[in-house]
Engineer: 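Just dropping this structure here.
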Amino acid sequence: MVASTVTNNQELILYYQTHPVEFCRDVISFEPTDQQIQLIFAINNPGAWVSTKSGHGTGKTSTIACLGLWFISVFADAKVPVTHPSKEQLKSTLWPEIRKWHNRMIPSFRDELEINSEKVFVKKRPDTFIQARTAKQDNPDALQGFHAEHLLFLIDEASGVAAKIFEVALGALTTTDTRFFLTGNPTQTSGFFYDTFHKKGARDLWIKFTLSCLDSPNVAPDYAGKMAQQFGADSNEYRVRVLGEFPDSSNSQFIPNSLVDEAIARYEEVSLRPDSYNEAPVILGVDVARFGDDSSCVFLRQGIYSQQLYLIKDIDTYTLAEIVVDLAITFKADSVCVDVGGIGAGVFDYVFRKLTPKGISVIDVNFGSRAEEKDVYYLKRSELYGRGRTWLRQGGALPPDEDLKEELCAVEYEFTSSEQTAIVRKDVTKKIICRSPDKADALVLTFADPYCVKVDRDGIRGNGNSVIITSNDKDLFGD
């Protein structure tokens, strides 16, 4: 049906009340994919509860936006609370998507709506609206107080929404037509969203969908391949980001034993072929401890080669800093990456003062700072371990050290509500192996300077390699 130019045509309105897909096409100029059509059709029934787990980029946000606009356009007494765990994401992603599709509506429908920073409402019926609310743990009443003949709760990134918030929303069930549309990346293996798929009894109440990137025309054809290459096709990241499946709760290990075993197995061969790595910059990672059970450790990495240079307990920062300077000069380092958390700042200051005049980069690294790839990793420590795991997948070689292997394999991870990979806290790993993962931390610190170049030994930084060299590079092994 082609939309009339008169929106008060009751016959047309009644038609669109039960034909939301046609509304999307006719009124919003939105052509849904086959996956999106299933979702839109499912929410069409009064009182429908729909829960959708999805890979990345399948069109969840556009579906939410168009459903909200449909609902307030065709029902006279309607309210649409739309929520996200992150206020920033709600403002920067979800609300702009609603604005975009509002602008594309045919004039007769668009002109009846007004949109501001947190609400879209019908001008002649201001009590009919879409309302933005942040669903945070400390704001359990975010979805409370909505009463209308027709209610549609649109909940984005539902994995990150606390059960208390859902419980408040369920209080609206006294309204006959209360619909719920949950969607998100399935990052958590517990909570309300997870229960809609797995909890006995609860799961039977929901119409459930799984949207895989492999079946979505909205996702770039090479996306799945890149995710498989970066994380592994058997990884939880691939399950969540590509397949739209919940993480395997038995697979919380970030770096598999097999990956470390393979890296150790090729160490001797790599060591005997310096031509396979000697064009790469030399980077030192310095994990700093002072007294107690923890150790200070210095690790060297050059391309696919790595080597532990120093490990000691109970050393003062000044002495350690002098040792780091000597090692950097002896091994002709191009960059030194120092952990400045805790007491590491003193080591960094001394090393920086001594080495930068020689043209050697000295990088201060705070494991607890924000990651550069903040859409992928939660904090810097997670990002560096992620780079380390990629290096191992691409041919990195590790010395045969059982302690190092145990430390790397003991690191576990989880996903945040924003789909970021988050390495568990260091004290959690310490409980697993009964010591601090100092060697592993020193190794991954070498990935804090991914654009390091080789140093001209006259003190001028030369045009060396500007990226991490791995076994994926064409002429890495001189073939």
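Scope of the values below: all heavy atoms of this structure, side chains included, with no hydrogens, waters or symmetry mates. As the structure is a prediction and not an experimental result, all values here were calculated from the model.
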Engineer: Between the side chain of T390 and the main-chain N/O of G386, is any donor-acceptor distance below 3.5 Å?
Structural biologist: yes

Engineer: Cation over ring, K426 on F367, under 6.0 Å and within 45°?
Structural biologist: no

Engineer: Inspect the surroundings of NZ in K100 and state if more than 12 heavy atoms from other residues, nucleotides or ligands are less than 6.0 Å away.
Structural biologist: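 Yes - once you tally the heavy atoms of other residues, nucleotides and ligands closer than 6.0 Å, there are more than 12.
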
Engineer: Closer than 3.5 angstrom, by distance alone: can the side chain of Q253 be matched with the main-chain N or O of I255 as a donor-acceptor pair?
Structural biologist: yes

Engineer: Mind checking whether C213 and M227 have side chains closer than 4.5 Å, heavy atoms only?
Structural biologist: no

Engineer: Between the side chain of Q308 and the main-chain N/O of C297, is any donor-acceptor distance below 3.5 Å?
Structural biologist: no

Engineer: Distance from R389 atom CZ to Y413 atom OH, nearest 0.5 Å?
Structural biologist: 6.0 Å

Engineer: How about OH on Y267, more than 12 heavy atoms from neighbouring residues, nucleotides or ligands closer than 6.0 Å, or not?
Structural biologist: yes

Engineer: Atom NZ of residue position K405 - does it have more than 12 heavy atoms of other residues, nucleotides or ligands inside 6.0 Å?
Structural biologist: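 Enclosed.
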
Engineer: How about CZ on F352, more than 12 heavy atoms from neighbouring residues, nucleotides or ligands closer than 6.0 Å, or not?
Structural biologist: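 Check fails, neighbour count at 12 or below.
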
Engineer: Is a donor from one side chain sitting under 3.5 angstrom from an acceptor on the other, for S295 and K313?
Structural biologist: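 Checked: S295/K313 side chains show no N/O donor-acceptor pair below 3.5 Å.
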
Engineer: Under 6.0 Å from the CD atom of E268, do we count more than 12 heavy atoms belonging to anything else shown?
Structural biologist: no

Engineer: With distance as the sole test, does Q35 use its side chain to make a donor-acceptor pair with the main-chain N or O of S212 at under 3.5 Å?
Structural biologist: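 Side chain of Q35 to backbone of S212: a pair is present.
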
Engineer: Any idea how Y277 and Y305 line up, ring-wise: parallel (<30°), tilted (30 to 60°), or perpendicular (>60°)?
Structural biologist: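 Taking Y305 first and then Y277, their aromatic rings lie parallel (interplane angle under 30°).
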
Engineer: Measuring from atom CD of E157 to atom NZ of K60, what distance do you get when rounded to the nearest 0.5 angstrom?
Structural biologist: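 Reported value, rounded in 0.5 Å steps: 5.5 Å.
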
Engineer: Taking R203's backbone N and O only, do any of them form a donor-acceptor pair with T196's side chain (distance below 3.5 Å, no angle check)?
Structural biologist: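 Pair absent, no side-chain N/O of T196 close to backbone of R203.
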
Engineer: Output yes when a side-chain donor or acceptor of R241 lies under 3.5 Å from a complementary backbone atom of A224, and no otherwise.
Structural biologist: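 Side chain of R241 to backbone of A224: no pair is present.
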
Engineer: Please indicate whether N103 has more than 12 foreign heavy atoms, meaning atoms of other residues, nucleotides or ligands, lying under 6.0 Å from its CG.
Structural biologist: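 Atom CG in N103 is packed in, count exceeds 12.
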
Engineer: Is a donor on one side and an acceptor on the other found under 3.5 Å between the side chain of R104 and the backbone of F30?
Structural biologist: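 Not confirmed, R104 side chain does not pair with F30 backbone.
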
Engineer: Ignoring hydrogens and angles, tell me if any N or O in the side chain of S382 forms a donor-acceptor pair with the backbone of I423 under 3.5 Å.
Structural biologist: yes

Engineer: So do the side chains of I64 and F181 get within less than 4.5 Å of each other, counting heavy atoms only?
Structural biologist: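 Of all side-chain heavy-atom pairs linking F181 with I64, at least one is under 4.5 Å.
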
Engineer: Please examine the side chains of Y310 and D326, heavy atoms only from C-beta on, and report whether any two atoms are closer than 4.5 Å.
Structural biologist: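 No, too far: nothing below the 4.5 Å cut-off.
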
Engineer: Quick one, Q302 and P281 - any side-chain contact, counting heavy atoms below 4.5 Å?
Structural biologist: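 No, every pair of side-chain atoms sits at 4.5 Å or beyond.
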
Engineer: Salt-bridged, E118 to K91, with N to O below 4.0 Å?
Structural biologist: no

Engineer: Determine, for K454 against E279, whether the closest basic-nitrogen to carboxylate-oxygen distance falls under 4.0 angstrom.
Structural biologist: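 Judged by the 4.0 Å cut-off on N to carboxylate O distance, K454 and E279 do not form a salt bridge.
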
Engineer: Taking atom types as modelled and ignoring hydrogens, do the side chains of N185 and T187 form a donor-acceptor contact shorter than 3.5 angstrom?
Structural biologist: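 No, because no side-chain N or O of N185 sits under 3.5 Å from a partner of the opposite role on T187.
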
